Peer 1: 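Sharing a structure here in C-alpha cells format.
Just so you know, these numbers use all the heavy atoms, side chains as well, and skip hydrogens, waters and symmetry mates. Predicted model, so just to flag it, every value in this text is computed and none were measured. Throughout, protein chains are lettered first and strands after them, A, B, ... in sequence-line order, and every chain is numbered starting at 1.
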2 protein chains.
Amino acid sequence: MNDVRWLNSDELQAWKKFVAVVELLPGVLDSQLQRDAELSHFEYFVLAMLSEAPDRTLRMTGLASATNATLPRLSHVVARLEKRGFIERTPCLEDRRATNARLTDVGFEKVVDTAPGHVTTVRENVVDPLTAADVDDLDRIMTRILSTIDPEHRFNPGALGETQPTD
Amino acid sequence: MNDVRWLNSDELQAWKKFVAVVELLPGVLDSQLQRDAELSHFEYFVLAMLSEAPDRTLRMTGLASATNATLPRLSHVVARLEKRGFIERTPCLEDRRATNARLTDVGFEKVVDTAPGHVTTVRENVVDPLTAADVDDLDRIMTRILSTIDPEHRFNPGALGETQPTD
DNA sequence: CCCGATTGGTTGTCGATACAAGCAACGCTA
DNA sequence: TAGCGTTGCTTGTATCGACAACCAATCGGG
C-alpha cells in the first residue's frame, strides 16, 4: 500500500483553504442568527425549507433530506422548534408510521423576520466577494463534489426554478 | 429595511449546494478517520499541522491559528491527544505564559500511518471529481471567501511552497 | 392471512464544542 | 517599581449532535 497519490501543490493549497472555509463558515452563520434570532443556522434552514414546501408541510424523512440531516438529529431539532411554537407535528394519514411537520403562522413570521439579516450575512461573506463567473464555478464544483458525497443525489437532476425569500 | 437584495436564481442554487457540502463533508472525513484511526478530522488536522512545523512544535496560539480553531477548543483537544501519547505540552521558555505543543514520535508515526487513507478519502470525495481548472477555481473562490471570514487573513499573502504528506 | 424484513420515527446516553469566567505572566507608562 | 490593561491558556457549565437501541406500521412472499 505504498502507491499513495499525494496531493500536488495546487491541490493541497486549494484543499487547505476549502477546509478552512468549511471550518469557519458555520460559525459565521450561526453567530449572526443566534444573535439576531436565537436560531442556529440549521434551525433556520429547517424553517426555511418548510416555508417553501406545499402547504408548508413536509414529512420528517423529506425534511431530513432537504436539510441534509440524519433523522435523529432532525427529530431533536423539530422537537425544540415545536416547543417554541414554530412547527407543529401531526400524524400522517396516508402512512401511519410517518409524521408531518408543518410550519405554523408564528414560524412563518419568524422566517420572514429573520431572512433579511441572514441573506445579508450570506451576501457579505460568500456571494458578494464573488463574481458572477465565480458563482457559476462554485455551483459546478459543488455539484461535482455532491455527486459523490450526497447519499441521495438530490442535486444531480438539476431541477429548481426561480425562487423567493428562501435563504 | 425593505431594500433587501435577495439572491437571484444562480446565486441561490450555488448557495444551496455549498451549504449541502459544508453540512455533509465533515461527516465523510470524520467517519473514515474515526473508523481507520479513531481520530476526528480536527484531531488529525492538529497532528498534521504539528508534523509540518519546525521541530514538530508550535505554541498553542499558533496551532489554533493553523487549524482555524478557538483556543478553548484546541486546549480540550490537545489535552485528549496528550493523554493518548501523541502530543506533549511543555512550558515555553521565552514567554512563560505560553505553552508549546510538540508531536511525539508516537504521534508522528500515527500521522504517517493515517495519512494515506485520509488522502485517499479527500481524493475520492473532493479532488478527483474535479478537473485541474476546477481546482484553480476552487482555490480562487475560497481565497475570496476567506478574505472576509478569516479573522487573521492568514491565507491572503499566498505563500506556501511545495509540500509533502501533509494532508 | 401470517410472519419476517424493511421503513419511519423517537428516545437515551455519551462525547464534543461554545461561551464565559478565571488565572498567571507580560509590558507599557509614569 | 507600581499599577493597569493585554495576552496566553485552562477550566466549568450548558447545549447540541452522533450512535445505537427501540417501537410501531407497512410490505412481500408463501
Side-chain angles (χ1 to χ4, degrees), chain A residues 22-35 37-46 57-84 87-102 151-152, chain B residues 22-35 37-46 57-84 87-102 151-152:
Chain A
V22 168
E23 199 73 38
L24 294 171
L25 189 56
V28 172
L29 302 178
D30 280 336
S31 49
Q32 180 267 322
L33 285 166
Q34 200 65 52
R35 173 167 50 79
E38 289 173 318
L39 246 37
S40 70
H41 177 250
F42 181 71
E43 289 171 332
Y44 172 80
F45 203 67
V46 167
T57 303
L58 241 37
R59 274 150 77 142
M60 291 296 284
T61 300
L63 187 54
S65 164
T67 57
N68 314 296
T70 60
L71 220 27
R73 180 186 184 188
L74 184 67
S75 185
H76 285 299
V77 170
V78 168
R80 275 177 251 148
L81 292 172
E82 189 173 30
K83 261 176 206 134
R84 295 171 66 181
I87 289 181
E88 57 186 6
R89 274 187 289 193
T90 55
C92 177
L93 298 180
E94 295 97 327
D95 185 340
R96 287 189 311 176
R97 291 172 299 180
T99 305
N100 282 326
R102 182 171 190 285
E152 322 180 24
Chain B
V22 168
E23 199 72 38
L24 293 172
L25 188 57
V28 172
L29 303 178
D30 280 336
S31 49
Q32 180 268 322
L33 285 166
Q34 200 66 53
R35 172 168 48 80
E38 290 173 320
L39 246 36
S40 70
H41 176 251
F42 181 70
E43 290 171 332
Y44 172 80
F45 204 67
V46 167
T57 303
L58 241 36
R59 277 150 74 144
M60 290 296 283
T61 300
L63 187 54
S65 164
T67 57
N68 314 295
T70 61
L71 219 27
R73 180 187 184 188
L74 183 68
S75 185
H76 285 298
V77 170
V78 168
R80 274 176 252 147
L81 292 172
E82 188 173 31
K83 260 176 207 134
R84 295 171 66 181
I87 289 180
E88 58 186 5
R89 275 187 288 194
T90 56
C92 177
L93 298 179
E94 294 98 327
D95 183 340
R96 289 189 309 177
R97 293 171 299 181
T99 305
N100 282 326
R102 181 170 190 286
E152 322 181 20

Peer 1: Have a look at Thr99(A) and say if it touches a base, only the backbone sugar-phosphate, or nothing, with a 4.0 Å heavy-atom cut-off.
Peer 2: sugar-phosphate
Peer 1: Just grab all the salt bridge (charged side-chain N to carboxylate O under 4.0 Å, His left out) pairs involving residues 57-78 of chain B, residues at least two apart or on different chains.
Peer 2: Glu23(A)-Arg73(B), Arg59(B)-Asp95(B)
Peer 1: Between dC26(C) atom P and Leu93(B) atom CG, what is the distance in whole Å?
Peer 2: 11 Å
Peer 1: Which atoms form the tightest heavy-atom contact between Ala66(A) and Phe45(A), and what is the distance?
Peer 2: O-CE2, 3.6 Å
Peer 1: Kindly give the heavy-atom pair with the smallest separation between Leu74(A) and Ala64(A), and that separation in Å.
Peer 2: CD2-N, 3.4 Å
Peer 1: Please report the shortest heavy-atom distance between Glu43(A) and Val77(A), naming the atom on each side.
Peer 2: CG-CG1, 3.9 Å
Peer 1: Want to settle it: does Ala98(A) or Phe42(B) sit nearer the 5' end of DNA chain C, counting the closest nucleotide to each?
Peer 2: Ala98(A)
Peer 1: Report the distance from atom CG of Asn68(A) to atom P of dA18(D), rounded to the nearest whole Å.
Peer 2: 12 Å
Peer 1: What integer distance in Å separates Met60(A):CE from dT11(C):P?
Peer 2: 10 Å
Peer 1: Give the residues of residues 25-34 of chain B touching DNA chain C, defined as any heavy atom closer than 4.0 Å, sorted by residue number.
Peer 2: none
Peer 1: For a quick test of reading the model: is some side-chain N or O of Arg80(A) closer than 4.0 Å to OP1 or OP2 of dT10(C)?
Peer 2: no
Peer 1: Would a 4.5 Å heavy-atom cut-off, applied to side chains only, mark Cys92(A) and Met60(A) as touching?
Peer 2: no
Peer 1: Would you tell me if any nitrogen or oxygen in the side chain of Arg73(A) comes within less than 4.0 Å of OP1 or OP2 on dC16(D)?
Peer 2: no
Peer 1: With a 3.5 Å distance limit and no angle check, can you tell me whether Asp30(B) reaches the backbone of His41(B) through a side-chain donor-acceptor pair?
Peer 2: yes
Peer 1: What is the distance, rounded to the nearest whole Å, between atom CG of Leu74(A) and atom P of dC16(D)?
Peer 2: 15 Å
Peer 1: Over all strands shown, is Thr70(A) touching base, sugar-phosphate only, or nothing at heavy-atom distances under 4.0 angstrom?
Peer 2: sugar-phosphate
Peer 1: So, is Arg96(B) near the phosphate of dA24(C), with a side-chain N or O under 4.0 Å from OP1 or OP2?
Peer 2: no
Peer 1: Just the rounded figure in Å: distance from P of dA18(C) to CG of Leu24(A).
Peer 2: 11 Å
Peer 1: Closer to the 5' end of DNA chain C via nearest nucleotide, is it Pro72(A) or Asp95(A)?
Peer 2: Asp95(A)
Peer 1: Main chain of Leu71(B), side chain of Ser75(B): is a donor-acceptor contact present, judged purely on distance under 3.5 Å?
Peer 2: no
Peer 1: For the base of dT7(C), is there a side-chain donor-acceptor partner from Arg97(A) under 3.5 Å away?
Peer 2: yes
Peer 1: Between dG27(C) atom P and Glu94(B) atom CD, what is the distance in whole Å?
Peer 2: 12 Å
Peer 1: Side-chain donor or acceptor of His76(B) under 3.5 Å from a matching atom on the base of dG15(C)?
Peer 2: no
Peer 1: Quick one: Glu43(A) CD to dT15(D) P, roughly how many Å, whole number?
Peer 2: 13 Å
Peer 1: Starting at atom CG of Leu71(A), determine the distance to atom P of dC22(D), rounded to an integer number of angstrom.
Peer 2: 18 Å
